[in-house]
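Reading through the structure tokens given below for one structure.
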There are 2 protein chains.
Amino acid sequence: MSDDRRLTAQGQERKDQLLDHAAELFAERGYAETRILDIVKAAGVAKGLFYWYFENKEALFRELVEQNRLRLRRAQAQAIDPTAEPLLQIRQGAEASVRYMASYANFFALLEVENMDKAFADERTKGTEVHRGDVAALIEVGIADGSIRDEPADLLAFGVVGTVGYYGHFHRTGRMPLPVDELAAFVGRWVVCSLASDEQIARRVLAVRLDPEPIPA
Amino acid sequence: MSDDRRLTAQGQERKDQLLDHAAELFAERGYAETRILDIVKAAGVAKGLFYWYFENKEALFRELVEQNRLRLRRAQAQAIDPTAEPLLQIRQGAEASVRYMASYANFFALLEVENMDKAFADERTKGTEVHRGDVAALIEVGIADGSIRDEPADLLAFGVVGTVGYYGHFHRTGRMPLPVDELAAFVGRWVVCSLASDEQIARRVLAVRLDPEPIPA
DNA sequence: CTCGCCCTTGACCCGTGGGTCAACCGGGTG
DNA sequence: CACCCGGTTGACCCACGGGTCAAGGGCGAG
């Protein structure tokens, strides 16, 4: 394939099929262990067709990552109430992220694969970096109004992103047999306790009841 | 090679050379992108020799991982004062881990590579699982004596291990231009704030001054 | 009907890199 | 000195999987 051609409806559908099957195989046996032949076989098409839609395996992978990054972003934005106080917004974002990561576990298992290749390192970085920027901005506000511990905002932001990511990882890899809702709530508590400048504030933020938004398919 | 033969001093040295050069190359360009030929070239030996010492690339990798896991464990044990209160021990362990991970950044960049292959997944699991077990035990004690928030101990333990890992990761990948000592101290504070059942206790534990143990080469 | 554009096929090419092997070196030992 | 054994060499083999390509199908427009 050259760059981005126009695809007919059929073409787009076929492409999505390939993406889906690839994601499943990657999650199941890893990126390196998945041959292009496996992907096309799973989708029930000939090998040559792969190259009609993608330049190569890596390009497909990038598309998968990008596609997913946008979805997560949307889920976060949807869960956050922009009028709430900063710490609460962070909690909302964190819980939404955990929920999202759990329901798209395959994709995230996939994301971790990125590390295998230096070339993917910055791809991945980009993904968390956006989230981190959002959180850092909220933290700045929280520090200014005294609700968040007075530490460098960017460092704290790493902690939030990291916590979400790690709990997501542990849950995904089956080491934490726990309903998603409980996990999300727990992570929310953890993050709030880590950031709050004192107990009163932590309790206040944790008192708010969050109704879990359904994850759109 | 068959299994574990006896190696002469020269043999052991050669093997270590291969391990070292492999680690460097893996860190530099990733696991999948490092050919066995690259490794032997870097070590200045012939390709056939590789198979005298290792069954294949994966076997070498496993050995590298194992070797490193043990070192980290030792560093943790050395930093922890077994007579101190649980929360403080956790802090000591966390700070030591961060320091260790920073000084052996190459090895840990490497560890992340494990994800690329399903076969490595449980290897990695094993590594964190030990640490997590240690922490969980300390947390149990802390919950019992009221110094740690009353949440499931194993969940909290995941948070500690995760935080250490993530900050290590971010620092290693150059996104946090910060002296190791400051980072370690910060992570210590983060962990303590996340776990402490109230401010008094957090302050008490954070008041203790930790003198950074030098990392043995 | 027929032209042309997407889409689809599967045989084929070929570089890469894992793994083997027969031969060779050199120091320690009887 | 002869032998042995751990260590070392690099040419060679070859399967695997990435990427190509010429040709064929089918559907919509004109």
Side-chain angles (χ1 to χ4, degrees), chain A residues 1-26 28-64 113-114 116-120, chain B residues 1-26 28-64 113-114 116-120:
Chain A
M1 82 172 264
S2 50
D3 30 8
D4 34 21
R5 277 172 286 90
R6 289 248 174 273
L7 297 177
T8 66
Q10 183 196 3
Q12 187 59 50
E13 194 180 346
R14 185 50 40 96
K15 184 171 180 177
D16 287 342
Q17 276 174 28
L18 287 170
L19 283 166
D20 289 348
H21 282 108
E24 197 168 333
L25 288 170
F26 289 158
E28 191 173 291
R29 66 176 79 166
Y31 176 83
E33 278 60 41
T34 302
R35 320 286 151 220
I36 290 180
L37 195 63
D38 299 329
I39 299 173
V40 293
K41 260 189 191 161
V45 297
K47 184 162 136 200
L49 193 57
F50 183 94
Y51 294 95
W52 180 258
Y53 293 108
F54 306 99
E55 200 182 325
N56 51 36
K57 195 166 66 158
E58 185 179 319
L60 175 150
F61 187 79
R62 282 188 202 287
E63 239 175 273
L64 219 37
V113 156
E114 285 184 89
M116 49 151 292
D117 185 342
K118 278 290 166 192
F120 289 141
Chain B
M1 81 172 266
S2 52
D3 29 7
D4 35 21
R5 277 172 286 89
R6 291 248 175 274
L7 297 176
T8 66
Q10 183 197 4
Q12 187 59 51
E13 193 179 346
R14 186 47 43 94
K15 185 171 179 178
D16 288 343
Q17 276 173 27
L18 287 170
L19 283 165
D20 290 346
H21 283 106
E24 196 168 334
L25 288 169
F26 288 159
E28 189 174 292
R29 67 175 79 165
Y31 177 82
E33 277 59 41
T34 303
R35 321 285 152 218
I36 290 180
L37 195 62
D38 299 330
I39 299 172
V40 293
K41 260 190 193 162
V45 297
K47 184 161 136 202
L49 193 56
F50 184 93
Y51 294 94
W52 180 257
Y53 292 109
F54 306 98
E55 200 181 325
N56 50 37
K57 194 166 66 159
E58 185 178 320
L60 174 149
F61 187 79
R62 282 187 202 286
E63 241 176 270
L64 219 37
V113 156
E114 284 182 271
M116 50 151 292
D117 185 343
K118 278 291 167 191
F120 289 140

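Treat the numbers as computed from the prediction; the structure is a model and nothing was measured. By convention in this document, chain letters (A, B, ...) are assigned in the order of the sequence lines, proteins followed by strands, and residues within each chain are numbered from 1.
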Would you tell me if any nitrogen or oxygen in the side chain of A/Arg14 comes within less than 4.0 Å of OP1 or OP2 on C/dT8? yes

Report yes if a side-chain nitrogen or oxygen of A/Thr8 is closer than 4.0 Å to either non-bridging phosphate oxygen (OP1 or OP2) of C/dC5; otherwise report no. no

In whole angstroms, how far is the [atom2] atom of [N] from the [atom1] atom of [X]?
| X | N | atom1 | atom2 | value |
| --- | --- | --- | --- | --- |
| B/Phe54 | C/dG17 | CZ | P | 20 Å |
| A/Lys41 | D/dG18 | NZ | P | 12 Å |
| B/Glu13 | D/dG6 | CD | C1' | 15 Å |
| A/Glu33 | C/dG18 | CD | P | 13 Å |
| B/Leu37 | D/dC12 | CG | P | 16 Å |
| A/Lys15 | C/dC7 | NZ | P | 11 Å |
| B/Gln10 | D/dT8 | CD | C1' | 9 Å |
| A/Trp52 | D/dG24 | CH2 | C1' | 14 Å |

Locate the shortest heavy-atom distance separating B/Phe50 from B/Asn56; write the atom from each residue and the value. CE2-C, 3.7 Å

For nucleotides 19-22 of chain C, tabulate all protein N/O to nucleotide N/O atom pairs closer than 3.5 Å, reporting atom names and distance.
{"from": "C/dG19", "atom 1": "N7", "to": "B/Lys47", "atom 2": "NZ", "distance (Å)": "3.3"}
{"from": "C/dG19", "atom 1": "O6", "to": "B/Lys47", "atom 2": "NZ", "distance (Å)": "2.4"}

Euclidean distance, [Y] [atom2] relative to [X] [atom1], rounded to 0.5 Å:
| X | Y | atom1 | atom2 | value |
| --- | --- | --- | --- | --- |
| B/Leu64 | B/Arg62 | CG | CZ | 12.5 Å |
| A/Glu28 | A/Glu33 | CD | CD | 12.5 Å |
| A/Tyr31 | A/Leu25 | OH | CG | 13.0 Å |
| B/Leu19 | B/Tyr53 | CG | OH | 11.0 Å |

To 10°, what angle do the rotation axes through the five end pairs on each side of the helix from C/dC7-D/dG24 to C/dG30-D/dC1 form? 0°

Would you tabulate the nitrogen or oxygen pairs shorter than 3.5 Å linking the protein to nucleotides 25-30 of chain D?
none

Please set out all donor-acceptor pairs under 3.5 angstrom arising from side-chain atoms of residues 36-45 of chain B, sequence neighbours excluded.
{"from": "B/Asp38", "atom 1": "OD2", "to": "B/Arg29", "atom 2": "NH1", "distance (Å)": "3.0"}
{"from": "B/Asp38", "atom 1": "OD2", "to": "B/Arg35", "atom 2": "N", "distance (Å)": "2.9"}

Against the side chain of B/Ala46, the closest entry in D/dG7, D/dT9, C/dT8 is D/dT9

Look at the side chain of A/Arg35 and decide which nucleotide, out of C/dC7, D/dG17, D/dG10, has an atom nearest to it. D/dG17

Could you tell me if the side chain of B/Lys15 sits less than 4.5 Å from the side chain of B/Trp52, heavy atoms only? no

Heavy-atom distance under 4.5 Å between the side chains of B/Arg14 and B/Gln10, does that happen here? no

Apply side chain to side chain donor-acceptor pair (under 3.5 Å) to B/Asp16 and list each qualifying residue two or more places apart in sequence or on a separate chain. B/Gln12

State which residues pass side chain to side chain donor-acceptor pair (under 3.5 Å) with B/Glu24; sequence neighbours excluded, sorted by chain then number. none

Within 45° of the ring axis of B/Phe26 and under 6.0 Å from its six-membered ring centre, is that where the NZ or CZ of B/Lys57 lies? no

